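In what follows, a single structure is set out as structure tokens and then discussed.
All values derive from a computational prediction rather than experimental measurement. Sequence positions, counted from 1, serve as the residue numbers for this chain.
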Amino acid sequence: MPMLELNPINWIPGQESVQCQETPSLLKRAGTDKLREVFLKYASLQKDGEHYMTSEDFVRKFLGLFVESSFNDESVRLLAGIADTSKDGLISFSEFQAFEGLLCAPDALYRTAFQLFDRQGNGTVSYADFADVVQKTELHSKIPFSLDGTFIKRYFGDKKQRLINYAEFTQLLHDFHEEHAMEAFRSKDPAGTGFISPLDFQDIIVKVKRHLLTPDVKDNLLAVTEGHRVSFPYFIAFTSLLNNMELIKQIYLYATKGSRTEMVTKDELLYAAQTMSQITPLEIDILFQLTGAVNQPGRIDYSDLSNIGPEHYTKHITHRLAEIKAVDSPNDRSALIQVLEATYRFTLASFAGATGATVVYPIDLVKTRMQNQRTGSMIGEIAYRNSWDCFKKVIRHEGILGLYRGLLPQLMGVAPEKAIKLTVNDFVRDNLSDKRGNIPVWGEVVAGACGGAAQVIFTNPLEIVKIRLQVAGEIAGGSKISALSVVRELGFLGLYKGARACLLRDVNFSAIYFPTYAHTKAALADKDGYNHPLSLLAAGAIAGVPAASLVTPADVIKTRLQVAARTGQTTYTGVWDATKKIMAEEGPRAFWKGTAARVCRSSPQFGVTLVTYELLQRLFYVDFGGNQPKGSQGTKPGLPIDSTLGGEQPKPDHIGGYHAAVPLLTGIESKFGLYLPRFGRGVGASAPAGTATGS
């Protein structure tokens with residue numbers, strides 16, 4: 001009876017565009033017309049009435065890779081062959097569109113690598129295909145891999161005639177680098193002692209695991225050996241640790257219950273690692289050796305793991321309208337750079353504050369009128385039963401524009417108000433944070449309080465003018481007043497009436513708000529620590545609920561002090577006087593008037609303000625060498641360490657799936673270590689990919 005052969009289903013080229021539409025993806029497919037427009041922009045060859053891209057058109061001009069004049073044209077043809085499924089050396093629009101669909105697939109990295117090795121375009125990889133590509137990589141030129149060994153024969157058969165389909169290829173690619181590392185160890189240990197020298201260890205790791213090395217790890221390879229010979233078990237554990245850094249991060253998060261700042265000991269991490277058999281105690285020992293060489297020994301946090309694990313090729317893709325690197329390293333931060341950083345933050349916070357204020361201004365007007373309504377005064381019937389009643393009556397008697405009374409002075413003042421609050425909070429946080437960027441809770445409270453205190457300079461004049469304009473509409477037939485007339489009436493000192501109550505409100509609000517926002521934002525981040533804009537909005541809104549509600553009594557007192565009392569209404573001389581009179585005349589419930597409206601106003605306002613502020617920092621990115629907003633680090637699809645592709649940031653023409661083209665092609669390097677030569681090999685017109693010969 002013949003033996004049953006388990007053979008995974010073959011993947012057929014050309015089906016990727018259909019599969020992309022059926023599979024959930026982070027990327028949205030580009031429209032055919034827009035994609036054709038981009039294709040025609042770069043297609044330099046016309047044949048039989050059809051337009052085609054050459055290898056250089058696709059790789060160098062469109063993708064922006066291998067941009068140097070002395071580029072390696074054979075490497076360019078290999079990369080172009082990924083999209084050129086017909087293997088005729090030219091890329092048609094249908095092939096261009098099919099590759100865009102492939103880039104949307106959830107396993108796009110492996111599919112892209114498969115098409116790199118599928119040299120004949122028939123949906124399989126032969127031994128000749130595999131050997132041809134491997135022999136062209138930089139790693140093979142430095143540490144040759146035995147293409148006649150037992151590893152290769154297990155996959156391609158003793159006679160090397162077996163064809164590998166897509167599913168089998170993914171396992172081959174995964175196992176290949178581990179086998180290459182072991183073969184390199186054996187070559188450095190010809191006597192079979194099971195040991196290699198520290199220098200040989202460094203040489204192998206730098207060459208074979210180059211794609212997994214961060215600068216911190218690369219600089220400390222000799223330090224972790226402590227001058228001793230490296231055993232084979234230590235070597236395997238070290239390479240396994242490099243391969244499993246993402247898993248190590250998950251173990252850390254499991255041990256800290258999701259915190260990225262909590263310090264953990266070796267014993268605590270070992271205990272958490274017991275649930276995951278892939279991680280051994282020896283790997284944990286090596287991890288703490290590495291972190292001890294890079295930083296202080298004994299305890300680690302998430303930032304230590306990030307310094308050891310390389311930037312992952314898959315990143316949340318955020319377009320950047322500008323990207324500037326103001327300093328080469330944090331050590332270059334001069335006083336001028338810090339001033340420029342504060343100016344940058346102040347400017348972005350101004351726009352963010354104005355956006356947030358405009359969105360919620362009608363709610364703010366209702367809140368003010370509800371708080372100014374006095375139930376114990378000699379003025380007769382109350383005007384509004386509740387916030388909704390107030391909202392309806394404003395529209396009925398004053399029109400839609402009545403909801404925006406006082407908006408102009410609000411916008412003129414809210415820009416510097418929110419800007420100084422956010423800038424001072426960020427400045428104090430930076431100075432109270434340790435070198436890892438972590439800050440204790442008391443530091444967050446102090447930073448928030450400082451921001452709240454600083455903003456009162458702008459807040460008080462703004463508030464008193466805004467409030468008097470907002471309540472002006474309550475007086476039927478009353479003369480119209482303007483912001484300028486209010487300023488003239490009050491004078492400079494009058495603009496700071498109620499400043500103590502304003503200080504009492506804003507200091508406490510910010511001291512509650514900013515720590516709550518930071519921790520809520522961290523809790524809503526994904527497993528990679530990245531915050532989607534919706535999570536930023538939710539964190540800002542959630543943090544506003546306790547902050548706005550708990551300081552409502554101070555806000556009520558401030559409002560009563562700043563509103564001009566009409567005939568028959570109680571007047572107040574100060575914070576304590578207002579507190580006593582409100583309590584005596586209206587009871588304790590009066591201090592919580594407008595709480596709902598205040599929460600409904602402050603919560604979404606700060607949510608919109610903070611999400612706008614952080615997104616502006618992502619869009620207009622400037623690296624001043626200081627701390628970046630947490631949760632935004634995952635937005636840059638950067639090249640892997642020592643990348644040979646020489647690429648630029650993705651271009652505006654990289655639409656749809658092509659948003660991920662550069663990160664995925666560099667991912668072939670950073671995940672599989674398949675570095676293609678960048679220079680050398682003469683430059684000339686692109687020839688068909690199928691004509692590329694030996695290395």
Side-chain angles (χ1 to χ4, degrees), residues 11-17 39 42-45 47 51-66 71-103 105 108-138 140 163-166 169-170 172-173 644-647 657-658 660-662 664-669 672 674-678 680-695:
W11 167 68
I12 302 172
Q15 288 186 342
E16 59 271 20
S17 60
F39 174 80
Y42 293 92
S44 64
L45 185 64
K47 182 179 178 182
H51 292 270
Y52 297 90
M53 279 187 178
T54 65
S55 297
E56 288 188 36
D57 290 339
F58 182 70
V59 176
R60 301 186 71 230
K61 297 176 183 178
F62 173 63
L63 294 180
L65 304 175
F66 289 89
F71 70 94
N72 188 297
D73 60 319
E74 191 168 24
S75 296
V76 169
R77 288 198 296 271
L78 273 174
L79 288 181
I82 296 173
D84 176 20
T85 53
S86 63
K87 307 302 176 184
D88 60 357
L90 300 174
I91 299 172
S92 65
F93 174 70
S94 61
E95 290 173 323
F96 183 77
Q97 187 177 37
F99 186 54
E100 187 263 343
L102 179 146
L103 292 169
L109 181 69
Y110 278 96
R111 288 187 180 277
T112 303
F114 179 76
Q115 291 200 182
L116 174 67
F117 282 85
D118 180 12
R119 307 284 284 130
Q120 307 305 316
N122 57 11
T124 60
V125 174
S126 67
Y127 165 76
D129 294 335
F130 185 78
D132 184 39
V133 176
V134 167
Q135 288 173 342
K136 289 180 172 63
T137 62
E138 290 190 349
H140 185 80
L163 300 179
I164 302 296
N165 61 35
Y166 166 68
F169 170 81
T170 62
L172 166 64
L173 199 57
T644 63
L645 297 181
Y658 281 110
V662 173
L664 282 172
L665 288 175
T666 55
I668 292 177
E669 291 183 343
F672 306 129
L674 297 173
Y675 290 87
L676 297 174
R678 182 170 172 180
R681 200 97 42 190
V683 180
S686 296
T691 65
T693 57
S695 61

Requested in this report: Specify the closest pair of heavy atoms between V59 and A80, including all atoms of both residues, with the distance to one decimal.
Outcome: CG2-N, 3.7 Å
Report task. Check for a donor-acceptor pair, side chain of K136 on one end and backbone N or O of P677 on the other, with a separation under 3.5 Å. Result -> no
Query raised in the report: Does any non-hydrogen side-chain atom of D57 lie less than 4.5 Å from one of F62?
Result: no
Report summary line: Heavy atoms of A108 and L103 approach each other most closely as CB-O, 3.7 Å
**Report entry** Partner set under side chain to side chain contact (heavy atoms under 4.5 Å, CB included) for L173, not counting sequence neighbours
**Finding:** A113, F117, F169, F672, L674
Query raised in the report: Can you check side chain to side chain contact (heavy atoms under 4.5 Å, CB included) on L172 and F130, steps first, answer last?
Result: CA-CA 10 Å; L172 166 64; F130 185 78; 3.8 Å; yes
**Report entry** Atom pair CZ/CG of R77 and N72 - distance to nearest 0.5 Å
**Finding:** 8.5 Å
Query raised in the report: What do you reckon, are the aromatic ring centroids of F96 and Y658 less than 6.0 Å apart?
Result: yes
Query raised in the report: Shortest non-hydrogen contact from D129 to T124?
Result: OD2-O, 4.0 Å
Query raised in the report: Can you tell if the side chain of T112 reaches within under 4.5 Å of the side chain of I668, non-hydrogen atoms only?
Result: yes
Report summary line: Sorted by chain and number, sequence neighbours left out, side chain to side chain contact (heavy atoms under 4.5 Å, CB included) with S86 holds for D84, D88, E95
**Report entry** Heavy-atom check, side chain of R111 versus side chain of Y166, under 4.5 Å
**Finding:** yes
Report task. Give, for atom OG of S55 and atom CG of L90, the distance between the pair rounded to the nearest 0.5 Å. Result -> 7.5 Å
Requested in this report: Can you measure from CD1 (I91) to CZ (F58) and round to the nearest 0.5 angstrom?
Outcome: 5.0 Å
Query raised in the report: Hey, does L163 have a side-chain heavy atom less than 4.5 Å from the side chain of V125?
Result: no
Report task. Give, for atom CD of Q120 and atom NZ of K87, the distance between the pair rounded to the nearest 0.5 Å. Result -> 8.5 Å
**Report entry** Donor-acceptor contact present, side-chain D118 to main-chain Q115, <3.5 Å
**Finding:** no
Query raised in the report: Roughly how far apart are L664 CG and L109 CG, rounded to 0.5 Å?
Result: 6.0 Å
Query raised in the report: In a check of side chain to side chain contact (heavy atoms under 4.5 Å, CB included) between Y42 and each of M53, R60, H51, which one passes?
Result: M53
Query raised in the report: Taking K61 for the side chain and E56 for the main chain, is one N or O donor matched with an acceptor at less than 3.5 Å?
Result: no
Query raised in the report: Does a side-chain heavy-atom distance below 4.5 Å link F66 with L79?
Result: yes
